[in-house]
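Notes follow once the structure below has been shown.
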Amino acid sequence: MYRKIQLDLLRQIAAVVEKKYGIELPQVAVEQPPKLEFGEYALPVALQLAKRVKKAPRAVAEELRPELESIDGVASVEIAGPGYLNIKLDRGVVADRIATGEHADVGGPGFRLVEHTSINPNKAAHIGHLRNAILGDTFQRLLRKDEYKSGYDVGVQNYIDNTGVQVADVVVGLVALEGRTLAGVKSLLEELAARNERVDFYMWDLYARVSQWYTADEAEKEARKKLRLDTLHAIEHGGNETAEVADLIATAVLRRHLETMERLGIEYDFLPRESEILHLKFWEAARALMIEKGVLYQETEGKNKGCWVMRRAGSEFPTEGPDGDAKVIVRSNGTVTYVGKDIAYHLWKFGLLGKDFGYKPFHQYPNHMCWISTEDGEEPHPYFGRADAIYNVIDSRQNDPQSNVIQALRGMGYEDAADRYTHLNYEMVALTPRCAIELGYTVSEEDQQRAYIEVSGRKGFGVKADDLLDKLIAAAKVEVDARHPELDEADRFETARKIAVGALRYFMLKYSRNTVIAFDFRDALSFEGETGPYVQYAIVRAANIFRKAGVEEQDAVTDLAAGDLLEGENGASIWEVWLTASKLTMVIEQAIQNAEPAILAKYVFQLAQQFNNFYHKHHILTETDEAKKKLLLATAAVAKREMVRALSLLGIEAPEVM
RNA sequence: GCACCCGUAGCUCAGCUGGAUAGAGCGGCAGCCUCCGAAGCUGUAGGUCAGAAGUUCGAAUCUUCUCGGGUGCACCA
């Protein structure tokens, strides 16, 4: 609702400025005054205009003022300070419109493809992967159509590098270190399943062991390096026993990743795999296209002689001689680099490759199917590679490779695709030295002096996603058990699970994307202060009011007689809640615009804070003034409604009790 | 060496396209459960927004430089 009136204001001001001064303002700023008593909106537009129309700012403001007073919901317009136009709303009228749920819509045409998670299927997911998946899933929720907004058509992809060097490493571990054959690997998987052990945890340790093993023996170093490469090539090629072992492991680990993410409410629509990109010859199609468009050419001299290269993003193309800065796409031995395959994959995403995956069902979620790529697919199947805009949730260390892909699209003349390609980058999750020591890792003197230490799957150094979640659930369960002995075990566990997920998701979302999270159990396990459970608790309190009052929330919202109770100093602490509650759509727009879910996380915390403040100031159930009681109930109902909506966009459920 | 990110209160972080007296949480100190749940609330102390120069009516925010921290820069995958 806040945004709706704001849009009215902007439209009006633009029209008036154009009519009066003949000036077209591309961007008109709207702010909120520092204090509520100054009004709900502040327009510094007179300050911007003053110079151009050669008048004093306050005089300009005076001329604009009457034009704004006619807008629906506006009570008065005042001129303040150097020339601000401060706009006050008719609180009673606007509250009615907020109560009915009136709000600006979010959404538009076009299919948007969000890719996130993309964990190598060779080991357990860790906290760094959690940040990725939670960011991506939350962003997807912001875009998607739901009961609140018309949204966009969205597809969620999780890219699976099932033929990469990391999978090869655990295959080497199984075959060379543990001496297993294909049959031996099958029986290992059966044994693990029988013992109810997690295969991804097993691989976590094995992967760390293999990484050590490669360089442990100086005399064997070269032979082991060759074994690694041979294994990789066998997997890439396919159709042999090594590739079968790799597929077995990658698929088993992938299924575990999906389980882990499902615990957090994270689901996918499609799992494109590297193996299909190879076998369906995506690169060959891309190569032909790139040559045709003139971005790929063979170098005839210099250090890259014999390679097929692409001009690197942002570098100057030399007028003569070889481009030393060029990016090698095809090596002199004829094999393609990672960037080359990635370009092919992204041409597919935008429907520019002229090829498609085969599709088959892989995992059934309660409300939809998750498909996986295959060589010979089933019909009918959904389509994913025809996106109008894409969002790749990939950490900031991939900034350069990602910009290479964008640069390639641009070079091929697909400017529009390049513009609609968003690398949704974020900084890593690292461990504080204290946390690393707590976990029993040996930390060097030098590392102890640092603010944080990077996690490393290769070293087996990190916190596993499932372990953290288990720990959070246990901590929440202790609290729930103590507070609600009357509930049965299943209910208490379910409540603890919701609280744990709320704490974890909020923790990963409250930091803006380019902040390194220095992970510490003390902060992550907290349920107080700026946390998910704080907001959940505010919702539980609001729900209790209605339970005890015997009033339906719906009725409280429709049965509203604010009168002038919201006006002035006395009404401010109540109106403040309404005003914040009315900003949800505006915040969603901002979060999408900046691809920054943290904006929404910060917002819902602020709303919960204001609600808690209101809760202490006004005792609803004992209120004797009937009109005021109705207003207080409506306030609680609206605050609760918007908190629940905002949390659900963050992927956090509100428990009944906690 | 080059590119990108970061530097705001004791600690961890917000601060949207420049705007009114720089904000939260945690931690510290002092309080609040006979009253809708204390996973809560109130009060209080704490800041030369790394430093310098510039642009502007106005800079934590934009530009340049300096200092400090991080990440990435292979015909590896």
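Proteins get letters first, then strands, A, B, ... in listed order; numbering begins at 1 in each. From a predicted model like this one, the values you see are computed outputs, not experimental measurements.
Shown are A/Phe611, A/Tyr537, A/Tyr534; of these, the ring-ring contact (aromatic ring centres under 6.0 Å, His included) with A/Phe605 is made only by A/Tyr534.
Of the candidate nucleotides B/C16, B/G70, B/A20, B/A20 has the atom lying nearest to any side-chain atom of A/Phe38. Candidate nucleotides B/G37, B/C75, B/A77 were compared by shortest atom distance to the side chain of A/Leu232, and B/A77 ranks first. Comparing B/C76, B/A39, B/U71 by their nearest atom to the side chain of A/Met658 picks out B/A39. Between B/U12, B/C6, B/C75, one nucleotide has an atom nearer to the side chain of A/Asn514 than all others, and that is B/C6. Side-chain atoms of A/Thr622 lie closest to B/C35 of the nucleotides B/U42, B/G37, B/C35. Looking at the side chain of A/Asp400, the nearest of the listed nucleotides B/G70, B/A20, B/G72 is B/G72. Closest to the A/Tyr537 side chain, of the nucleotides B/U71, B/A20, B/A39, is B/A39. Of the candidate nucleotides B/U12, B/A20, B/A39, B/A39 has the atom nearest to the side chain of A/Arg483. Side-chain proximity of A/Val540 to B/C41, B/G37, B/C13: nearest is B/G37. The side chain of A/Arg331 has B/C76 as its nearest neighbour among B/C41, B/A20, B/C76.
Under the Watson-Crick or G-U wobble criterion, with both distances below 3.5 Å, B/C4 is paired with B/G70. Across the strands present, B/C65 finds its partner in B/G51; the criterion is a Watson-Crick or G-U wobble pair with both atom distances under 3.5 angstrom. The partner of B/C35, taking Watson-Crick or G-U wobble pairs whose two distances both stay under 3.5 Å, does not exist in any strand shown. Judged by Watson-Crick or G-U wobble contacts below 3.5 Å, the nucleotide B/A24 has B/U12 as its partner. Pair assignment for B/A30 gives B/U42, based on Watson-Crick or G-U wobble hydrogen-bonding distances that are each under 3.5 Å.
The 5' end of RNA chain B is approached more closely, in terms of each residue's nearest nucleotide, by A/Tyr534 than by the other of A/Gly302 and A/Tyr534. Map A/Ile499 and A/His233 each onto its nearest nucleotide of RNA chain B; the residue landing nearer the 5' end is A/Ile499.
Here the separation of B/G46 from B/C65, taken at their P atoms, is 37 Å to the nearest Å. With both ends at atom P, the span from B/A22 to B/A50 equals 15 Å, rounded to whole Å. For B/G51 and B/G43, the P atoms lie 30 Å apart once the distance is rounded to whole Å. Rounded to whole Å, the separation between the P atoms of B/C6 and B/U61 comes to 13 Å. Across the C1' atoms, B/C49 and B/U8 are found 4 Å apart, a figure rounded to whole Å. Straight-line distance between the P atoms of B/C62 and B/C5: roughly 11 Å, to the nearest whole Å. Taking the C1' atom of each, B/G23 and B/G47 are spaced 11 Å apart, rounded to whole Å. Comparing B/G18 with B/C57, their P atoms are spaced 15 Å from each other, to the whole Å.
Residue A/Phe546 is out of contact with every strand shown, counting any heavy-atom pair closer than 4.0 Å. Base engagement by A/Lys305 is indicated by at least one non-hydrogen atom pair under 4.0 Å involving a base atom. Here A/Glu274 lies out of heavy-atom contact (under 4.0 Å) with every strand. Nucleic acid contact class of A/Thr335 (heavy atoms, under 4.0 Å, all strands): none.
In this structure, A/Lys630 does not pair ionically with A/Glu626, as no charged nitrogen and carboxylate oxygen lie closer than 4.0 Å.
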For nucleotides 22-24 of chain B, which of its nitrogen or oxygen atoms have a protein nitrogen or oxygen under 3.5 Å away, and what is each distance?
unit_1, atom_1, unit_2, atom_2, d
B/A24, O3', A/Gln609, NE2, 3.2

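Base orientation of B/C4: anti (glycosidic angle beyond 90° from 0).
Atom P of nucleotide B/G40 and atom CG of A/Asn613 are separated by 14 Å, given to the nearest angstrom. In this entry the distance linking CZ of A/Phe507 with P of B/U12 reads 13 Å, nearest Å. Across the protein-nucleic acid pair, A/Gln610 atom CD and B/C41 atom P stand 12 Å apart, rounded to whole Å. Straight-line distance from the CD atom of A/Gln402 to the P atom of B/C5: 16 Å, rounded to whole Å. Atom-to-atom, CG of A/Leu36 to P of B/A20 comes out at 16 Å; the value is rounded to the nearest Å. As rounded to whole Å, 14 Å separates atom P of B/A77 from atom CD of A/Gln166. Between the CZ atom of A/Arg513 and the C1' atom of B/C16 there is a distance of 14 Å, rounded to whole Å. Whole-Å rounding puts the A/Asn333 CG to B/A74 C1' distance at 14 Å.
Looking at A/Thr515, its side chain has no donor and acceptor atom pair within 3.5 Å of the base of B/C13. A donor-acceptor contact under 3.5 Å is formed by the side chain of A/Gln590 with the base of B/C16. Remark: the A/Asn544 side chain and the B/G37 base include a donor-acceptor N/O pair separated by less than 3.5 Å. For A/Asn120 against B/A77, no side-chain N or O and base N or O form a donor-acceptor pair under 3.5 Å.
Dashed line: the shortest gap from a side-chain N or O of A/Ser512 to OP1 or OP2 of B/A14 is under 4.0 Å.
In the model, A/Arg541 has a side-chain atom that pairs as donor or acceptor with a side-chain atom of A/Asn612 under 3.5 Å. A donor-acceptor pair shorter than 3.5 Å cannot be found between the side chains of A/Asn122 and A/Asp169.
Remark: A/Arg228 is positioned above the aromatic ring of A/Tyr214, its terminal NZ or CZ atom under 6.0 angstrom from the ring centre and at most 45 degrees off the axis. A cation-pi contact links A/Lys471 to A/Phe521, judged by a cut-off of 6.0 Å to the six-membered ring centre and 45° from its axis.
Across residues 517-529 of chain A, A/Phe527, A/Glu528, A/Gly529 each have a non-hydrogen atom less than 4.0 Å from an atom of RNA chain B (numbered order).
Between A/His618 and A/Phe614, the two ring planes are tilted [angle within 30° to 60°].
You'll find the ring centres of A/Tyr511 and A/Tyr426 outside the 6.0 Å limit. Between A/Tyr345 and A/Phe282, the distance separating the two ring centers is not shorter than 6.0 angstrom.
With contacts defined as side-chain heavy-atom distances shorter than 4.5 Å, the pair A/Val540/A/Glu656 does not qualify. Taking 4.5 Å as the limit, every side-chain heavy atom of A/Val170 sits out of range of all side-chain heavy atoms of A/Gln166. Within the 4.5 Å cutoff, no side-chain heavy atoms of A/Val167 are placed close to those of A/Thr163.
Taking a 6.0 Å sphere around CD of A/Glu37, one finds it holds more than 12 heavy atoms contributed by other residues, nucleotides or ligands.
In this structure, A/His619 forms an aromatic stack with the base of B/C36, since both conditions hold: centre separation below 5.5 Å and plane angle below 30°.
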Requested in this report: Show your reasoning for whether salt bridge (Lys or Arg N to Asp or Glu O under 4.0 Å) applies to A/Lys629 and A/Asp625.
Outcome: CA-CA 6 Å; A/Lys629 187 170 181 178; A/Asp625 180 335; over 6 Å; no

